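Take a look at the structure set out below.
Quantities reported herein were computed from a predicted structural model and do not represent experimental measurements.
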Amino acid sequence: MSTVLPSPSATTAPSAATPAPESAAGSARSRIAAGRAPARPTTAAAFHSTSAVTAVLLGLVGIGALLHEPVLIPPLAASAALVHSAPALPLAQPRSVVIGHLLATAVGYLALATAGGSAWVAALAAGVTLALLMAARTPHSPACATSVVIVLQSPAPARFVPLLFGATVLLVLTGYAASRIRRKAPRYPAYWW
């Protein structure tokens with residue numbers, strides 16, 4: 001199969017309505033820069049996602065203030081961003097969010113109990129967490145950070161685990177609710193289990 005390209009003489013000069021590219025190199029750079037990145041969300045979609053993430057994270061801070069416990073940890077902020085800005089991805093589905101963080105919690109506490117709290121152990125715990133998440137078909141990259149937090153901070157399991165579980169369930173429920181508020185929003189979740 002061959003492609004026939006028009007000869008330079010067959011092409012017409014650009015009209016005033018269609019500006020000519022600045023240069024061939026500039027045009028190539030702009031095509032490369034555009035790449036395969038996803039389209040920019042509409043202003044309404046960006047506002048909706050940003051508002052929902054901010055609201056749920058403020059809710060976690062409020063719950064933590066009432067309980068005098070830190071409930072908002074960095075991995076939960078990443079999870080909220082996934083749930084609200086990429087609701088169709090496997091990483092954002094309820095199974096991955098909730099089970100992913102619980103598996104990471106188990107790995108983190110096991111690593112802490114067997115090898116102590118150090119950056120080396122935290123790095124190994126994150127790697128083991130990722131392997132378990134893949135094996136369990138619950139991909140959720142923020143959960144790797146949960147095991148790191150546990151190894152480096154040594155939170156009391158009796159307080160941390162129920163709060164983390166409740167926080168992940170709250171993230172999923174707010175994702176569900178937020179996807180039904182805006183008419184054009186993609187429905188969340190794509191699947192529950």
Discussion item. Please say yes or no: joined through hydrophobic side-chain contacts below 4.5 Å, possibly via intermediate residues, are Leu164 and Leu72 part of one cluster?
Written reply: yes
Practice prompt. Answer whether the closest heavy-atom distance between the side chains of Leu133 and Ile99 falls below 4.5 Å.
Written response: no
Worksheet item: Should Leu173 and Val83 be counted in the same cluster of Ile, Leu, Val, Met, Phe, Trp and Tyr side chains packed under 4.5 Å apart?
Response: yes
Worksheet item: Can you say whether the rings of His140 and His101 are parallel (under 30°), tilted (30 to 60°) or perpendicular (over 60°)?
Response: perpendicular
Worksheet item: At their closest point, which heavy atom of Leu112 faces which heavy atom of Ile150, and how far apart are they?
Response: CD2-O, 3.8 Å
Item to complete: Spell out, as yes or no, whether a donor-acceptor pair under 3.5 Å connects the side chain of Ser147 to the backbone of Thr129.
Response: no
Worksheet item: Around atom CZ of Arg180, are there more than 12 heavy atoms of other residues, nucleotides or ligands at under 6.0 Å?
Response: yes
Discussion item. Can you confirm whether more than 12 heavy atoms, excluding those of Arg187, are under 6.0 Å from its CZ atom?
Written reply: yes
Fill in: Candidates Leu130, Val128, Leu102 - the one meeting side chain to side chain contact (heavy atoms under 4.5 Å, CB included) with Val107
Val128
Worksheet item: Applying the 4.5 Å side-chain criterion to the ILVMFWY set and letting contacts propagate, would Val56 and Ile63 be lumped into a single cluster?
Response: yes
Worksheet item: For the side chain of Ser85 and the backbone of Ala81, is there at least one donor-acceptor N/O pair under 3.5 Å apart?
Response: yes
Discussion item. Quick check on the hydrophobic clustering: are Leu103 and Phe165 connected, directly or via other members, by side-chain heavy-atom contacts under 4.5 Å?
Written reply: no
Item to complete: Could you grab the distance from atom OG1 of Thr105 to atom CZ of Phe160, nearest 0.5 Å is fine?
Response: 5.5 Å
Item to complete: Mark yes or no for whether Gln93, through its side chain, and Trp192, through its backbone, hold a donor-acceptor pair below 3.5 Å.
Response: no
Worksheet item: Picking from Tyr188, Tyr176, Tyr191, what satisfies side chain to side chain contact (heavy atoms under 4.5 Å, CB included) with Pro94?
Response: Tyr188
Fill in: Spatial distance of atom OG (Ser79) from atom CG (Leu91) [nearest 0.5 Å]
9.5 Å
Practice prompt. Nearest 0.5 Å please: distance from the SG atom of Cys144 over to the CG atom of Leu132.
Written response: 10.0 Å
Discussion item. Measuring from atom CG of Leu67 to atom CG of Leu163, what distance do you get when rounded to the nearest 0.5 angstrom?
Written reply: 6.0 Å
Discussion item. Tell me whether Thr138 contacts the main-chain N or O of Arg95 through its side chain, where contact means a donor paired with an acceptor under 3.5 Å.
Written reply: no
Discussion item. Looking at every non-hydrogen atom in both residues, tell me the closest pair between Gly64 and Val71 and how far apart they are.
Written reply: CA-CG2, 3.5 Å
Worksheet item: For the side chain of His48 and the backbone of Ile181, is there at least one donor-acceptor N/O pair under 3.5 Å apart?
Response: no
Fill in: Within-4.5 Å side-chain heavy-atom neighbours: Val151 and Tyr109
no
Worksheet item: Does Thr146 reach the main-chain N or O of Pro75 with its side chain, forming a donor-acceptor pair under 3.5 Å?
Response: no
Discussion item. If I take atom CG from residue Leu82 and atom OG from residue Ser141, how far apart are they, to the nearest 0.5 angstrom?
Written reply: 6.0 Å
Worksheet item: So how far is it from Leu76 CG to Leu57 CG, rounded to the nearest 0.5 Å?
Response: 8.0 Å
